[in-house]
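Position 1 is the first residue of the sequence, and the numbers go up from there. Note that ligands are numbered from 1 as they come in the structure, with each ligand's atoms numbered from 1 the same way.
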Amino acid sequence: MLEISNLTHTYGSGPSAHHALGGIDLKVAEGELVCIVGPSGCGKSTLLRSIAGLLRPSGGEVLLNGVRIEQTPDNLAVVFQDYSRSLFPWMSVADNVALPLRRKGMDKKQRREAAVEALSEVGLEKAAGKFPWQLSGGMQQRVSIARALAYRPALMLMDEPFGSVDAQTREDLEDLTLRVRSMHNMTILLITHDIDESVYVGDRVVVLSKSPAGIVGDLRVDLPGP
Ligand code: ADP
Ligand code: ADP
């Protein structure tokens, strides 16, 4: 379970200070997929980077299963919008996926097996030996998702993960995310500025106001069944 309490962040100081986060309180249950939506520039990335430990917030606390998040980096994986900058071009697809697993103390054979398994979960087992630049944008983003999956994180953070692909690929990746999340009962926090997307993929949609960002809506989504 993820617990965010009174999280605040201010960029800069004095007259040029910009209050980006104005005291965010949010609880996310295990296995929940929560979408954070809000207008461009409202503070979504700041929120995600604070949770990921990529930015030290000005105040507040983020706990994952009761432990401060910066003390449990092994339970986190992040998928960014810009897939072209998140994969190493000189490494094969399988090596890209396997790389972070070294931090888990897995040996080479275990890393290779875990990478191949994660790649098959995203439908890319045949691309294991290719290089990222040989793949389409949508496929590269699948590789990023496979890398996050292979790590078996308690919490997956996704920052506009489908913002740089065409509409059809976007739908495919949304469905892929829903599929892998139910396979692993993963907790996911996904940032998007697309309300339709948030309602389609989220169990819950949290709406942020303009700066300083605060929560102005928190809705449970129950789409009618097929
Ligand atoms: P979003 O992800 O919702 O588009 P961001 O979290 O990226 O919003 O940014 C929130 C606000 O903080 C924006 O007004 C942005 O210009 C500002 N901001 C973001 N990063 C910095 C920074 N490093 N220094 C100063 N201001 C920043
Ligand atoms: P996004 O809206 O996609 O989240 P932005 O365009 O707001 O991204 O920000 C891209 C990068 O530029 C981020 O790393 C952010 O920290 C930085 N940034 C954004 N706004 C500012 C700003 N006003 N001053 C300094 N850095 C900024």
Number the atoms of ligand 1 from 1 as they appear, then name those within less than 4.0 Å of a heavy atom of [X], with their elements.
X: P39; answer: 3 (O)
X: C42; answer: 1 (P), 3 (O), 8 (O)
X: S45; answer: 1 (P), 2 (O), 6 (O), 7 (O)

Q) Any heavy atom of S211 sitting closer than 4.0 Å to ligand 1? A) no

Q: Give the other cluster members for M91, using side-chain heavy-atom distances under 4.5 Å between Ile, Leu, Val, Met, Phe, Trp and Tyr residues; answer none if it is isolated.
A: F88, W90, L99

Q: Output yes when the distance from some N or O of ligand 1 to some N or O of S40 is under 3.5 Å, and no in every other case.
A: no

Q. Would you say G41 and ligand 1 have an N/O pair spaced under 3.5 Å apart?
A. yes

Q: Taking S211 for its side chain and A20 for its backbone only, find out whether a donor-acceptor pair lies under 3.5 Å.
A: no

Q | Member of S50, C42, P212, P57 meeting the side-chain contact (heavy atoms from CB on, under 4.5 Å) criterion with L21 | A | S50

Run the side-chain donor-acceptor check on residues 121-132: report pairs under 3.5 Å with partners two or more places apart or on a different chain.
from : atom 1 : to   : atom 2 : distance (Å)
E121 : OE1    : H184 : NE2    : 2.9
E121 : OE2    : H184 : NE2    : 3.4

Q.
One residue to check: H18. Relative to ligand 1, which of side chain, backbone, both or neither has a non-hydrogen atom less than 4.0 Å away?
A. side chain

Q: Please say whether more than 12 non-hydrogen atoms of neighbouring residues, nucleotides or ligands are located less than 6.0 Å from CD in E30.
A: no

Q | Polar contact flag, side-chain donor to acceptor under 3.5 angstrom, Y11-T46 | A | yes

